[in-house]
Enquirer: 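Supplied in structure tokens, the structure appears directly below.
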Amino acid sequence: MAGERVEELKLLGTWSSPFVIRVKLALRLKGLSYENIEEEDLYHNKSELLLKSNPVHKQVPVLIHNGKSVCESQLIVQYIDEAFSADHHGPSFLPADPYDRAMARFWAAYIDDKLLASACQAGRATTEQEKAEALKQTSAAVETLEDAFKQCSKGKPFFGGDSVGYLDIVLAGLIPLDYIGEAFYGIKLFYHTRSPLLEAWMQRFQVLDAAKDILPDVDKMVAEHNKRKQARAAAAKATSN
Ligand SMILES: N[C@@H](CCC(=O)N[C@@H](CS)C(=O)NCC(=O)O)C(=O)O
């Protein structure tokens with residue numbers, strides 16, 4: 001746009017991370033170009049740039065905007081929304097009404113603290129009992145979120161109403177976990193008998209251009225999960241010997 005400042009955006013991430021996917025979706029929805037910098041060995045050999053940009057948590061994603069780092073995926077999505085709020089960047093992700101904004105932030109925290117945490121716990125469980133307990137908690141969190149969808153969407157197609165909003169972006173980062181759950185545990189995260197609204201939401205979200213551009217390929221995602229599972233099993237065996 002004539003006279004507009006040139007913005008330099010760099011994203012440090014890994015392609016399969018649900019947290020990074022959120023940020024990529026937000027950038028794509030705002031029509032922003034950025035340099036994508038993939039961490040090559042996030043768990044054993046973090047890059048100097050990552051250590052320097054996120055010295056507190058040393059995790060991806062990190063967004064570097066004109067040399068300044070922003071960490072934590074939910075905060076990054078909010079930052080993108082606020083920093084790129086001009087009309088040509090499309091509607092705001094967060095609702096205009098302060099109460100609706102607070103609710104969107106509340107449910108976004110719930111997604112990470114309850115839903116994602118229990119799903120990851122199920123993936124890492126070392127006993128059947130631990131896995132069953134974690135899956136029970138995951139199901140309960142999905143059911144709660146199903147009600148939240150009803151509340152936030154007010155009968156419209158997305159959490160954000162007629163268009164994708166903050167919660168849609170936060171939850172969409174978890175769509176790949178739905179493939180993983182199905183491939184490895186025979187359990188889908190969003191299942192029509194348990195959460196018909198969220199299942200329909202996911203189908204709707206996946207066909208958006210932004211989703212098609214950003215969400216990773218299912219087979220690639222499943223292969224990556226398998227590789228990590230095997231690496232964890234090998235590491236556990238090595239420490240037990
Ligand atoms: N709360 C963080 C979580 C980020 C996170 O867990 N990132 C993972 C990749 S999926 C990571 O960097 N792991 C490397 C590590 O913890 O050492 C966010 O929302 O950005």
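Ligands are counted one by one from 1 in listed order, and the atoms in each one are counted from 1 as well. Basis for what follows: all heavy atoms, side chains included, without hydrogens, waters or symmetry-related copies. Position 1 is the first residue of the sequence; numbering continues from there.
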Enquirer: Pull out every atom of ligand 1 sitting under 4.0 Å from any heavy atom of Tyr43, numbered as shown with elements.
Expert: 9 (C), 13 (N), 14 (C)

Enquirer: Got the closest protein heavy atom to atom 16 (O) of ligand 1, with its distance?
Expert: Gln59 NE2, 3.0 Å

Enquirer: Please tell me whether Glu8 and His65 have a donor and an acceptor in their side chains that are separated by less than 3.5 angstrom.
Expert: no

Enquirer: Looking only at protein heavy atoms, identify the closest one to atom 2 (C) of ligand 1 and say how far it is in Å.
Expert: Glu72 OE1, 3.3 Å

Enquirer: Would Ser47 and Glu39 count as having a side-chain donor-acceptor pair, cut-off 3.5 Å?
Expert: yes

Enquirer: Between ligand 1 and Val60, is the shortest N or O to N or O distance under 3.5 Å?
Expert: yes

Enquirer: Output yes when Arg228 and Glu224 qualify as a salt bridge under the 4.0 Å nitrogen-oxygen rule, no when they do not.
Expert: yes

Enquirer: Without hydrogens or angle criteria, can the side chains of Asp112 and Gln74 be said to hold a donor-acceptor pair below 3.5 Å?
Expert: yes

Enquirer: What atoms in ligand 1 come closer than 4.0 Å to a heavy atom of Pro61?
Expert: 20 (O)

Enquirer: Could you check whether atom NZ of Lys46 has more than 12 heavy atoms from other residues, nucleotides or ligands sitting under 6.0 Å from it?
Expert: yes

Enquirer: Quick one: does Ser73 get an N or O within less than 3.5 Å of an N or O on ligand 1?
Expert: yes

Enquirer: With backbone taken as N, CA, C and O and side chain as the heavy atoms from C-beta onward, which portion of Lys46 lies under 4.0 Å from ligand 1: side chain, backbone, both, or neither?
Expert: side chain

Enquirer: Can we say Asp100 and Lys154 salt-bridge, meaning some charged N sits less than 4.0 Å from an Asp/Glu carboxylate O?
Expert: yes

Enquirer: Write out the residue and atom name of the closest protein heavy atom to atom 10 (S) of ligand 1, then the distance separating them to 0.1 Å.
Expert: Ser17 OG, 3.2 Å

Enquirer: Would you say Thr14 has any N or O atom under 3.5 Å from an N or O of ligand 1, going by distance alone?
Expert: no

